Amino acid sequence: NEAEIIDRDVIIHPGATVRGKVRDPNGRPLQSVKVFLCTPDQYNRSLINFGTLTRQSKKDGSFEFQNIEAGEYLLGALLNQSSASVRKSNLFQPEPVTIRITGRKSVNHDINLKEGGSIEGWVVARDGARLHAGIQVKPVIEGPVNEGGRGRQNAFRDGEQSGFRSEQADPIFDRPYRVRGLKPGEYLIRPMTHLHSWQKSMEREKPITVTVNAGQTRKQILQVSRDG
């Protein structure tokens with residue numbers, strides 16, 4: 001059977017251009033930072049996959065989205081999907097900004113990244129043995145008084161900062177757990193692991209509050225009160 005070829009006229013309506021540059025805290029351009037542009041609905045459906053509207057910033061930090069239809073969009077950066085140098089830094093992922101497109105008018109908006117902090121240390125058993133584990137991190141969120149009597153919401157239920165980069169500890173290679181790219185502020189942390197024998201013990205641990213400051217690494221040892 002021969003394939004039937006149908007010729008059709010395709011009319012392309014040019015849209016607006018969204019462009020800008022990604023810069024570090026000192027104003028220097030940053031290369032290979034993943035930038036996204038999506039509708040609010042797309043952002044709410046997933047904090048990881050924003051579809052096809054993504055770009056990698058160039059050597060001069062520039063990025064550009066062309067032929068964007070009129071509407072409201074969110075523009076932001078995905079640091080945990082950027083270059084290795086960015087992922088290993090303490091730059092924290094900014095909240096996306098709202099971009100409104102009207103007609104073919106171009107929009108210029110730079111993404112200026114800021115310095116965050118990190119947490120690192122060890123999760124240990126009751127006898128002090130280092131475990132192959134990491135930590136679960138949730139920001140302390142202001143809200144109604146909870147069961148504990150503090151004016152904070154249960155952050156392990158209600159939200160999580162996106163974009164930080166975490167690594168589990170590896171006692172064999174003397175490598176502590178690390179969580180990089182945390183926005184300065186208070187966090188609730190508790191141990192977590194992929195080791196099945198220790199998972200339930202760590203899930204029962206009461207989270208503790210730590211403060212993360214810009215440009216600093218918080219050293220924190222967490223002891224599991226129950227054996228795995």
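No experiment lies behind these values; they were computed from the predicted model shown.
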What heavy-atom pair brings P191 and V224 nearest, and what distance separates the two atoms? CG-CG2, 4.4 Å
For residues 123-134, dump all side-chain donor-acceptor pairs below 3.5 Å to protein atoms at least two apart in sequence or in another chain.
| residue | atom | partner | partner atom | Å |
| --- | --- | --- | --- | --- |
| R126 | NE | D227 | OD1 | 3.4 |
| R126 | NH2 | D227 | OD2 | 2.9 |
| D127 | OD1 | A129 | N | 3.0 |
| R130 | NH1 | D174 | OD1 | 2.8 |
| H132 | ND1 | A169 | O | 3.4 |

For a quick test of reading the model, state the closest non-hydrogen atom pair linking F65 to V35 and the distance between them. CZ-O, 3.7 Å
Closest non-hydrogen atom pair between V179 and F164, with its separation: CG1-CD1, 3.5 Å
So which atom in F92 and which in P184 form the shortest heavy-atom distance, rounded to 0.1 Å? CE2-CD, 3.8 Å
Contact summary for S89 and R165, nearest pair of heavy atoms: O-NH2, 2.9 Å
Test item: P25 and L91 side chains (from C-beta on) under 4.5 Å apart, heavy atoms: yes
Which heavy-atom pair separates I99 from H109 by the least distance, and what is that distance? CD1-CB, 4.2 Å
From R218 CZ over to Y187 OH, what is the distance, rounded to the nearest 0.5 angstrom? 13.0 Å
Any donor-acceptor pair under 3.5 Å linking the side chain of N112 with the backbone of R23? no
Intermediate values then yes/no, side-chain contact (heavy atoms from CB on, under 4.5 Å), D24 and L113: CA-CA 5 Å; D24 70 10; L113 301 179; 5.7 Å; no
Quick one: side-chain contact (heavy atoms from CB on, under 4.5 Å) partners of E72, sequence neighbours excluded? P40, T98, R100
K59 side chain near P29 side chain, heavy-atom distance below 4.5 Å: no
Measure the spacing between CG of L37 and OH of Y73 and express it to the nearest 0.5 Å. 7.0 Å
Could you list the residues that satisfy side-chain contact (heavy atoms from CB on, under 4.5 Å) with K58, not counting sequence neighbours? D60, S62
Using the test side-chain contact (heavy atoms from CB on, under 4.5 Å), find all partners of R178 that sit at least two apart in sequence or belong to another chain. E120, E167, R175, P176, R180
Report yes or no: does E205 contribute a side-chain atom to a donor-acceptor pair with the main-chain N or O of S225 at less than 3.5 Å? yes
Hey, could you give me the CD1/OG1 distance between I189 and T209, rounded to the nearest 0.5 Å? 9.0 Å
Suppose we screen for side-chain contact (heavy atoms from CB on, under 4.5 Å). Which residues come up paired with V33, at least two apart in sequence or across chains? V22, L30, S57, A77, L79, S82, V86
Less than 4.5 Å apart, side chain to side chain, heavy atoms only: is that true for E69 and I101? no
Is there a donor-acceptor contact under 3.5 Å from the side chain of N26 to the main chain of R28? no
For R19, salt bridge (charged side-chain N to carboxylate O under 4.0 Å, His left out) partners two or more places apart: E64
L53 vs C38 side-chain heavy atoms within contact, under 4.5 Å: no
Let's go through I208 and Q220 carefully: what are the C-alpha distance in whole Å and the side-chain angles of both, what is the deciding distance for side-chain contact (heavy atoms from CB on, under 4.5 Å) to 0.1 Å, and is it a yes or a no? CA-CA 10 Å; I208 66 171; Q220 187 68 52; 3.6 Å; yes
NE2 (H196) with more than 12 external heavy atoms under 6.0 Å: no
Working to the nearest 0.5 angstrom, can you tell me the gap between R87 CZ and N80 CG? 9.0 Å
